[in-house]
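Computed from a prediction, not measured in an experiment: that's the story for all the values here. FYI, side chains are in, hydrogens and waters are out, and symmetry mates aren't considered; it's all heavy atoms of this structure. Chain letters run A, B, ... following the sequence lines, proteins first, then strands; residues in each count from 1.
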Amino acid sequence: MAEERFDFREAEPRWQRRWEEADIYRVERDPSRPKYYALAMFPYPSGKLHMGHVRNYTIVDVIARYRRMKGYNVLHPIGFDSFGMPAENAAIQHGANPAVWTRENIAEMTEQLKQLGYSYDWSRAVYTYREDYYKWTQWLFLQFYKKGLAYKKTAPVNWCPSCQTVLANEQVEGGRCWRCDSEVTKKDLSQWFFRITQYADELLDDLKLLEGGWPDQVRVMQDHWIGRSEGAKVDFTLEATGDKIPIFTTRPDTIYGVTFMVVAPEHPIVEKICTSGLIPEDRVAAIRAFQEKMKHLTEIARTAEDTEKEGLYTGLDVINPFNGDKVQLWIANYVLMDYGTGAVMAVPAHDQRDFEFAKKYGLPIKVVIQNPEGTLKAEEMTEAYVDPGVMVNSGPFDGTPNLEGIAKVAAYAEEQGFGEKTVTYRLRDWLISRQRGWGAPIPIVYCEKCDTVPVPESELPVRLPDDLDFSGQGGSPLARHEGFVNTVCPQCAGPARRETDTMDTFVCSSWYYLRYTDANNAEKAWNQEDVDYWMPVDQYVGGVEHAVLHLLYSRFFTKVLRDMGLVKVDEPFARLLTQGMVLKDGAKMSKSKGNTVSPEEMIARYGADACRLFIMFAAPPERDLDWSDAGIEGAYRFVNRFYRMVVQALPAYRHARSLLPVNPADPASVAGALSEAEIAEGLAKAAPSLTADDRALRRTVHATVKRITADLHERFAFNTAISGLMELTNAIYAYRDKQKSEDANTSALVMAEAVQKAVLMIAPFCPHLAEELWSRLGHPRSVHLESWPVYDEEVARAETVEIVVQINGRVRDRMEVPAGISAAEMEAVARASEKVQALIAGKQVVKVIPVPGKLVNIVVKG
RNA sequence: GCCCGAGUGGCGGAAUGGCAGACGCACGGGACUUAAAAUCCUGGGGCCGCCGCGGCCGUGCGGGUUCGAGUCCCGCCUCGGGCACCA
């Protein structure tokens, strides 16, 4: 037969062109219709698409196409996160111009995205490296600055020696750079920060709003990252000078057990002690040496679990305000300056770290929480006692259960004026400065007279020069560009210098989903009606690697912008799906392992539809997917099997058409196609003459519509939706093989209904195939503008069902019964079974459990 | 160490507490063909037996709840992920 296969090489590009010419995926705000915002995390244009991209974008495309057919006004945009290191590295290594490099990669990836048949509204594409985008990134920075949410401070910050730039805490993973895996060190620098900690509580509390919509895993990771910790701040006093040294503790109930105090080597009190003259020179020298050593250690070396605790006595003592105890003040590697107050009260009896430290340096141990057995003795302890108990050796608190003591001790400190209840967070302010040239310049000018001056909004954008020197030598390329650096002060018109750092690219990606709602606005970042109509994103899909990076930053941005009145939502992404990785042979694809699968090759060999189908079928979306060459072969075969099924049904379809009156008002009807309504009507009239086979196929068709609709609507069970389509296809083939010519009329109608609904349902997965077949059926309009098929509950219901008869939970017989049968009837039928009677003969029936439509379980004894 | 998630045929995977293994891949058999490919049909968890019938075992391991457990509960094992001196 001439039409054995779907000629994807010819058909896919043809339909892509037609869709583009007809602009069928363009959307506009339309308050009269329900909206649906489907979004994939936009790609970094690193060169070509990989299978992870294909999976990500296919998931979102299927969702978008399904919702569109369901009548939603669907926003499904795409763009490129196109500032960042890889472009700059290409410039450094190959002398490429990062703008040109980026543009070329974008062109290539755009081409590939189009080949895959995604239903993007390309008119809304955003490119973060373009002036018309980063102008608004800078504008947002200025809004943050005005509100005091962007500020500059000198602090010890994370430095990646390989990337030659600083990093935010979120971008350091286990002491290593998230991008290049180099060990990160600390450096004292003056840098710009976003005050994300001001939103710590709300970012934490609002995770509750995302329950059910976001994976637990991601919410838990953000919860831990924010790391809210309730406790007390207590002022200890440096005996020699009277200086207050505040400590933070979550265990105020153990405060009578303090036997020494430890501060971070960088703690300011250490500097004060060293220059006070209160301690001998040789001790000062030792402290200095210790500080130096700590400073040059990487985060990993200093904080790794197996790193031994190390410390040094300062030579001075502090006073515990609760009992006036005088204890030694130490510095140690295990106390971190950037958590709490950088100072810790050490209670070795009840804190494992303090315990180890005390043992190593021979410091005293004092039990203040007694275990329920009352057997705890300091000299016999081999580890800290951290379980609940009763407070002892604790002055007025003796006898108090320690869990109650926590609040009581804190309250007492507050009364006495040497402490208070407080909360600390693990979350740090977001360091956004980058010493890199391929990013959005921070719109700030430094004037000798006026100090730090924001660039006026009317002067935005602060343009990135196109002649930067990307030799990789001597710091930021912007700092070396005299023409960029030297400027005039916007306030006094005197000579001034520009800020030469650019913004973290995560700033660019923290608001792109807002820009999509009004992507071409030259006057504003976005128009209010548009953002209010489209936001929030109804379904966001991307990799879990952004659990506390992009996703936390974007939540923060949304809250800040809401407080500024620029958006109305509290959360940007109502639902989040974190898709699994695409593996090959059980391992992550990588060039070095040589196990990569190129989407290009796969599309060339099997077509976009087969690729899309396989990747959606092979595993549930949140699970890792092992790429299988045999698997895509199977998907390819199914595409052709489906194609043949419909093509071979065309004569039946035309016959069905000829049986029904043409509706002159409907161009599709005139053109030879049948509308869903026409088929339904025709079948309603033909109902009395339907054979059992006809009814059985109709039942399968309608049950499949029901099932696939459920799979796609909320569950995102794409793999089972596709298996439903396969089963339907198998059923249609089986039906066709059984047909005899005498029932041609009704059978043609049944067939027409079956294939038409099947084509509609495969449309989200295989848009080209569906479009080709839809037009072959005679429909003049795109299948992607059609409505999702409906099902008739009555038709979908089975006439008879097979039930199982169990005896003591074991299947003993099966029988065919009418579908609507009652529990009592089922029980009677089951008891009547010969097999059952034989098996229960002479035994006592204890209980019978009938489950309507499913089974009957007969419990017998003896 | 702590916190998540996952363990089901040869493989990917399916199963609101109710027939375990849907669907697909790979494999076997058949049809078509001079032949092959493609296609269509068909078989199949394991073990046992009086194999066109029937029995037993079976969802990582051990217990429990239930008429009934892949699914719920308790305790383990293995793998994957996250956090990790956070006071």
Whole-Å distance between [N] [atom2] and [X] [atom1]?
X: A/Gln579; N: B/G81; atom1: CD; atom2: C1'; value: 15 Å
X: A/Arg228; N: B/C3; atom1: CZ; atom2: C1'; value: 20 Å
X: A/Arg812; N: B/C19; atom1: CZ; atom2: P; value: 16 Å
X: A/Gln806; N: B/G68; atom1: CD; atom2: P; value: 10 Å
X: A/Trp627; N: B/G13; atom1: CH2; atom2: C1'; value: 16 Å
X: A/Asp216; N: B/C83; atom1: CG; atom2: C1'; value: 17 Å

Of the listed nucleotides [options], the one nearest the side chain of [X]:
X: A/Asn857; options: B/G18, B/G13, B/C23; value: B/G18
X: A/Val335; options: B/A26, B/A87, B/G13; value: B/A87
X: A/Gln217; options: B/C4, B/A14, B/A87; value: B/C4
X: A/Arg810; options: B/U16, B/C57, B/G81; value: B/C57
X: A/Val220; options: B/A87, B/C3, B/G12; value: B/C3
X: A/Thr249; options: B/G68, B/A87, B/A26; value: B/A87
X: A/Val811; options: B/A20, B/C23, B/A14; value: B/A20

**Prompt:** Between A/Phe8 and A/Tyr606, does the ring centroid distance fall short of 6.0 Å?
**Reply:** no
**Asked** So, do A/Phe718 and A/Phe617 have ring centers that fall under 6.0 Å from each other?
**Response** no
Would you mind classifying the nucleic acid contact of [X] as base, sugar-phosphate or nothing, using non-hydrogen atoms under 4.0 angstrom?
X: A/Arg715; answer: sugar-phosphate
X: A/Lys233; answer: nothing
X: A/Glu356; answer: nothing
X: A/Asn640; answer: nothing
X: A/Asn808; answer: nothing
X: A/Gly634; answer: sugar-phosphate
X: A/Asn719; answer: sugar-phosphate
X: A/Val859; answer: sugar-phosphate

**Request:** Can you run through RNA chain B from 5' to 3' and write each base as (, ), [, ], | or . depending on how it pairs? Watson-Crick or G-U wobble, both distances under 3.5 Å.
**Result:** (((((((..(((.....[....))).(((((.......))))).(((((...)))))..(((((..]....))))))))))))....
[atom1] spacing across the pair [N] / [M], given as an integer number of angstrom:
N: B/U65; M: B/C51; atom1: C1'; answer: 39 Å
N: B/G9; M: B/A15; atom1: C1'; answer: 15 Å
N: B/G62; M: B/C11; atom1: C1'; answer: 29 Å
N: B/G24; M: B/C32; atom1: C1'; answer: 25 Å
N: B/C74; M: B/C85; atom1: P; answer: 30 Å
N: B/G13; M: B/A22; atom1: C1'; answer: 10 Å

If you compare every side-chain N and O of [X] against the phosphate oxygens of [N] (OP1, OP2), does one of them come in below 4.0 Å?
X: A/Arg814; N: B/G18; answer: no
X: A/Ser628; N: B/C11; answer: no
X: A/Asn730; N: B/A22; answer: no
X: A/Arg426; N: B/A84; answer: yes
X: A/Arg5; N: B/U39; answer: no
X: A/Arg641; N: B/C41; answer: yes

**Asked** According to the interplanar angle, ranging from 0 to 90°, do the rings of A/Phe357 and A/Phe260 count as parallel (below 30°), tilted (30 to 60°) or perpendicular (above 60°)?
**Response** parallel
**Item:** Distance (rounded to the nearest 0.5 Å) between A/Ile807 CD1 and A/Lys835 NZ
**Value:** 10.5 Å
**Asked** Atom CH2 in A/Trp330, atom CZ in A/Phe290: separation rounded to 0.5 Å?
**Response** 10.0 Å
**Asked** Does A/Lys309 make a cation-pi contact with A/Tyr334, if we ask for NZ or CZ under 6.0 Å from the ring centre and within 45° of the axis?
**Response** yes
**Request:** Test side chain to side chain donor-acceptor pair (under 3.5 Å) on A/Trp627 and A/Asp629 and set out the steps.
**Result:** CA-CA 7 Å; A/Trp627 185 268; A/Asp629 293 335; 3.3 Å; yes
